[in-house]
Amino acid sequence: MTTIQVTKGNPTPEELAALITVLAARSAAPAPAADPERASNWATYWRNARTPFHPGPGQWRASAHP
């Protein structure tokens, strides 16, 4: 059993009850599971890579325009 001690201030019984409720709910909640499906940044480098250039007529001139 854990003891809670108020070191400063004068909380009302309702405030203490709210605090204890939050702490009890927090300690009873399961820990979030790790995401085993997430790949490393190196494995997903292609997401940030540019699309390849497609050579063709007029593409050199078009590459200078946004």
Report yes if the side chains of Leu19 and Pro11 come closer than 4.5 Å at any heavy-atom pair, otherwise no. no
Show every donor-acceptor pair shorter than 3.5 Å between a side-chain atom in residues 20-30 and any protein atom, with sequence neighbours excluded, or say none if there are none.
{"residue": "Thr21", "atom": "OG1", "partner": "Ala17", "partner atom": "O", "Å": "2.7"}
{"residue": "Ser27", "atom": "OG", "partner": "Leu23", "partner atom": "O", "Å": "3.3"}
{"residue": "Ser27", "atom": "OG", "partner": "Ala24", "partner atom": "O", "Å": "3.1"}

Begin from the C-alpha positions of Ile4 and Leu16 and carry the test side chain to side chain contact (heavy atoms under 4.5 Å, CB included) through to its verdict. CA-CA 10 Å; Ile4 298 174; Leu16 285 176; 5.7 Å; no
